[in-house]
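Below is one structure, written out as structure tokens, with a few remarks after it.
Predicted model, so just to flag it, every value in this text is computed and none were measured. The chains referred to below are lettered A, B, ... by the order of the sequence lines, with proteins before strands, and numbering in each begins at 1.
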Amino acid sequence: MKNNWKLVYNPFEKVAGWKAFGIGIVILSITTIIGYFGNTVFYALEIKIGSSVTWSTAFFVQFLGLAVTVVIMYATALLFAKHTRFQDILGTVTLAKYPLLLVALVGLALGKSMAPLDAEKLIKMEYTFFDLIPLILFGVATIIFVVWEIALLYNAFRVSTNLKGLKCALLFIAVLLISEIVTLVLVSSIY
Amino acid sequence: MLPYLCPGCQSQLKVKSLSCKQCGTEVIGLYDLPPLACLPQNDQTFILNFVKCSGSLKDMAKQLGLSYPTVRNLLDEIIEKIKNYEKQLEIGL
């Protein structure tokens, strides 16, 4: 039971490298496809609901976010850690995104109920609490799954680089922030 | 398993005497334990398996059912322990 729980928050003790990348890329592709049908787009830690984009855009922004995180994390590992293999960073970071599949599923399930909501009316508070229940549910689910994803990304960084303690935590926060900023800048400059 | 830490104060133990089972000769002194003997049982088992796997971390990972970086991290921790022990020996602790 304890081992099963460990697999949920740190599968990288058992699987890393190309194997993790293979599993992760399949899950991420399914996530993108489900997200496309539920009008949910993912890039880095951003999750945008209600955006209807093309297939190519949905896949491009998803994998751009992944690539930016992998490159920045690997560059950090080269500077501050020893013996880090590129395939371990690539594999663990890709697999760490598996909670997004659940976000995509929630988005698909609640998408139709959230579709009639208008952003302007939302700002003017013209909806009742019951109208907003799907949006609240999606918001709560997203927060939970994104926190889970961040915990997995941290374990991916820790296992792949063997960094420990405060140094590991601070570098991870820096990697996460820089990846997020770079991805947002790239996405906004392209689209 | 050879004890390497003092059960009273957790300091590093030293070898005081060695004896020959054949003739009963006893060698008395104060000798440092070899670094590998100062590692906990599971680390010693890890090193034995590592040598048996011809030093292949990939084979070790397969054998232990762990990922490659996890096994490499375990090895790094053992290396760190050995280096610390060697430092202690150098400064004569």
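By the criterion of side-chain heavy atoms lying less than 4.5 angstrom apart, applied directly or through intervening Ile, Leu, Val, Met, Phe, Trp or Tyr residues, A:L108 is grouped together with A:V26 in one hydrophobic cluster. A continuous path of Ile, Leu, Val, Met, Phe, Trp and Tyr side chains, each step under 4.5 Å between heavy atoms, connects A:V70 with A:W18, placing both in one hydrophobic cluster. The cluster map of Ile, Leu, Val, Met, Phe, Trp and Tyr, joined by side-chain heavy atoms under 4.5 Å apart, puts A:F157 and A:L170 in different clusters. Linking Ile, Leu, Val, Met, Phe, Trp and Tyr residues whenever their side-chain heavy atoms come within less than 4.5 Å places A:I144 and A:F138 in a single cluster. A:V147 and A:Y98 are members of different hydrophobic clusters when ILVMFWY side chains are connected at heavy-atom separations under 4.5 Å.
With values rounded to the nearest 0.5 angstrom, A:H83 atom NE2 is found 9.5 Å from B:L57 atom CG. For the atom pair CG of A:L163 and CG of B:N73, the computed distance is 9.5 Å after rounding to the nearest 0.5 Å. Residue A:N162 holds its CG atom at 9.5 Å from CD of B:E80, rounded to the nearest 0.5 Å.
Sparse packing is recorded around NZ of A:K19, with 12 or fewer heavy atoms of other residues, nucleotides or ligands lying under 6.0 Å away.
Classification of A:K164 and B:E77 as a salt-bridged pair holds, one side-chain N sitting under 4.0 Å from a carboxylate O.
In this structure the side chain of A:V159 reaches within 4.5 angstrom of the side chain of B:P69, judged on heavy atoms. By the 4.5 Å heavy-atom criterion applied to side chains, A:D88 and B:Y68 are counted as neighbours.
In this structure, chain B has no heavy atom under 4.5 Å from any part of A:T92.
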